[in-house]
Amino acid sequence: MQYPRHAAVLAGVGGWLPPRVVDNHELSQRLDTSDEWIRTRTGIRQRHIAAPGESTVDMAVRAGGRAIRSAGMTEVDALVLATATPDQVCPGSAPQVASGLGLGGIFALDVNAVCSGFVYALATAAGLIATGVAGRVLVIGSDTFSTLVHPDDRSTVPIFGDGAGAVVLRAGEPDEPGALGPFDLHSEGELADLLVVPAGGSKQRTSADPHDYFLSMQGTRVFRLANARMAESTRAVLDQAGLSVHEVDRFVGHQANVRILQAVAKQLGLPPERLVVNIERTGNTSAASIPLALADACCDGSLRSGHLVVLSAFGAGLTWGSTVLRWPDIKLSE
Ligand code: COA
């Protein structure tokens with residue numbers, strides 16, 4: 001059988017943040033922390049937090065609708081949802097997102113690669129397009145990490161925020177603007193315990209310790225590994241594409257900590273002004289962070305048509321990966 005071979009071309013982008021903003025001052029009233037510590041150690045000033053009952057699916061529907069309208073489309077053939085915080089442990093949330101968008105019936109799949117989920121989901125969608133399974137794929141990153149951090153844990157609460165971001169990919173030619181370049185994707189399951197929610201899954205269904213149902217993080221080790229892996233992966237993807245770091249106009253890294261982004265840029269020899277940074281107002285939104293940063297940078301004009309853009313992520317699993325594209329002419333939509 002002859003499979004059609006198509007490139008996946010980015011055609012639309014959209015983001016959505018829940019309205020409630022929690023700034024560092026508000027957090028420091030209930031946790032043993034300070035605005036100064038959070039700002040200087042992470043670059044975060046505030047994060048958006050979902051209202052009770054507002055879920056990953058709700059946010060994904062909002063961001064997904066914006067991306068579809070930004071692409072000038074009314075429907076897609078498939079939906080890939082990157083999330084580590086699905087509405088329920090079972091089933092996956094993607095079918096509910098499709099129904100929420102009035103697209104019930106389409107292929108709808110969850111991808112859980114945590115903070116690398118969006119880059120993994122892009123690769124999954126590109127595969128659907130390359131094999132002719134779908135011609136238009138909505139890729140959404142949506143996470144509600146406020147439900148996964150223990151409210152009293154000062155080492156995780158300040159870092160994470162909620163939100164969703166999305167892009168539409170369509171079948172196209174490898175040399176047109178927006179075509180996703182090669183991918184570099186990796187995992188290291190031996191280090192799963194560095195960022196883990198110990199209980200609630202099949203290995204430990206229940207626990208007497210309530211903390212086991214929340215995220216436990218070895219921050220300093222994660223910090224060092226994120227620095228190294230994102231830099232390595234960026235070099236690898238640029239090598240595969242036959243490009244050099246000097247040609248990169250915008251580096252859109254996972255927004256986990258501004259110091260990680262700055263350290264990656266330093267290792268790569270990339271001028272800091274080429275970093276896209278929006279973590280100060282969003283915190284770490286996990287799978288949503290890269291598409292939200294794309295939507296923000298597109299909106300404020302720092303990401304423009306023709307820019308060579310690297311997307312690079314690192315997250316629990318461990319997982320990490322990168323891809324590259326030439327930014328197309330994209331119009332945002334409400
Ligand atoms: N407010 C005030 N003090 C805090 C604090 C907070 N919110 N959180 C931790 N501290 C304290 C620690 O207890 C420690 O105190 P001690 O020296 O008395 O033991 C001190 O600050 C330094 O902690 P440390 O963990 O060494 O700081 P750090 O420089 O590594 O920064 C992180 C902590 C979490 C900001 C940083 O490690 C990080 O960003 N890691 C990556 C996290 C991440 O990206 N996770 C998601 C991956 S996708």
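A quick note: this is a predicted structure, and the numbers were derived from the prediction, not measured. Numbering of ligands and ligand atoms starts at 1, following listing order.
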Measuring from non-hydrogen atoms of [X] to any atom of ligand 1, is the shortest distance under 4.0 Å?
X      : answer
Pro158 : yes
Leu31  : no
Ile38  : no

- Message: Checking one residue: Val57. Which other hydrophobic residues are in its cluster under the side-chain 4.5 Å linking rule?
- Response: Val61, Ile68, Met73, Val76, Leu79, Leu81, Val97, Leu101, Leu103, Ile106, Leu138, Ile140, Val168
Taking [atom] as the reference point, the nearest protein heavy atom with its distance:
atom                    : result
atom 48 (S) of ligand 1 : Cys115 SG, 3.2 Å
atom 25 (O) of ligand 1 : Thr220 OG1, 3.6 Å
atom 33 (C) of ligand 1 : Trp37 CH2, 3.9 Å
atom 7 (N) of ligand 1  : Arg154 O, 2.9 Å

Is [atom] near the protein, in the sense that some protein heavy atom lies at less than 4.0 Å from it?
atom                    : value
atom 3 (N) of ligand 1  : yes
atom 21 (O) of ligand 1 : yes
atom 18 (O) of ligand 1 : no
atom 14 (C) of ligand 1 : no
atom 35 (C) of ligand 1 : yes

- Report, in ascending order of atom number, the atoms of ligand 1 lying under 4.0 Å from any heavy atom of Asn257. 35 (C), 38 (C), 39 (O)
- Query: Quick one: which ligand 1 atoms are inside 4.0 Å of a heavy atom on Ala256?
  - Reply: 44 (O)
Side chain or backbone, does [X] bring an N or O within less than 3.5 Å of an N or O on ligand 1?
X      : value
His254 : no
Gly219 : yes
Ser34  : no
Asn284 : no
Arg41  : yes

- Query: Hey, is Arg69 close enough to Glu334 for a salt bridge, meaning N to O under 4.0 Å?
  - Reply: no
- To the nearest 0.5 Å, how far apart are CG in Leu261 and CZ in Phe251? 6.5 Å
- Considering only heavy atoms, which of Glu36, Met217, Gln218 lies nearest to atom 42 (C) of ligand 1? Met217
- Sequence neighbours left out, what passes salt bridge (charged side-chain N to carboxylate O under 4.0 Å, His left out) with Asp32? Give chain and number order. Arg154
- Between His25 and Ser34, is any pair of side-chain heavy atoms under 4.5 Å apart? no
